[in-house]
Amino acid sequence: MTERTTIVDLPQTAASCPPPPKGCGAPAGSLCTLHGGTRPHTTNTHRARTDAWAVQTATCTRAGCEAAPGHPCRDSDGQPMTGKAHTPRKRAALRAAHLEGEAR
Ligand SMILES: [Zn+2]
Ligand SMILES: [Zn+2]
């Protein structure tokens with residue numbers, strides 16, 4: 001089995017990972033680590049990192065939220081969602097990143 005670099009499929013590594021316990025605190029451009037930093041996480045990142053990255057880069061596409069890049073999503077009560085993003089926003093961010101990757 002050949003080892004593949006999967007970082008290309010993890011555009012959210014452009015953002016830093018939130019500190020524990022939600023994430024591992026990995027700096028931007030580095031892979032997430034598991035088990036207290038002893039093992040790099042090559043196939044995925046902490047969910048909190050994807051959320052943070054989506055908030056930074058994408059506009060939320062969820063009706064009634066539609067938060068602009070850099071602004072947190074808001075829940076149904078209009079309260080900002082800290083450390084979380086709506087799923088459609090994450091999908092939009094991932095889709096945009098993959099389109100960019102294909103255009104190169
Ligand atoms: Zn992490
Ligand atoms: Zn949202």
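What you see is a predicted model, and the numbers here were worked out from it, not measured in a lab. Whatever order the structure lists ligands and atoms in, that order sets their numbers, starting from 1.
- Residue contacts to the Zn ion (ligand 1): Cys32 brings an N, O or S atom closer than 2.8 Å.
- In this structure, Lys84 places its NZ atom where only 12 or fewer heavy-atom neighbours from other residues, nucleotides or ligands lie under 6.0 Å away.
- Within His46, ND1 is the N, O or S atom that lies nearest to the Zn ion (ligand 1).
- The SG atom of Cys60, the Zn ion (ligand 2) and the SG atom of Cys65 define an angle of 110° (nearest 10 degrees).
- With the Zn ion (ligand 1) as the vertex, SG of Cys24 and SG of Cys17 span 110° to the nearest 10°.
- Here the OG atom belonging to Ser30 is positioned 14.5 Å from the NE2 atom belonging to His41, to the nearest 0.5 angstrom.
- Looking at Leu31 and Thr45, their side chains never come closer than 4.5 Å, going by heavy atoms from C-beta outward.
- When all heavy atoms of Pro69 and Gln56 are compared, the closest pair comes out as CB-O, 3.6 Å.
- The Zn ion (ligand 2) sits nearest to atom ND1 when only the N, O or S atoms of His86 are considered.
- The side chain to side chain contact (heavy atoms under 4.5 Å, CB included) test with His46 singles out one residue from Pro20, Pro21, Pro18, Cys24, and that residue is Cys24.
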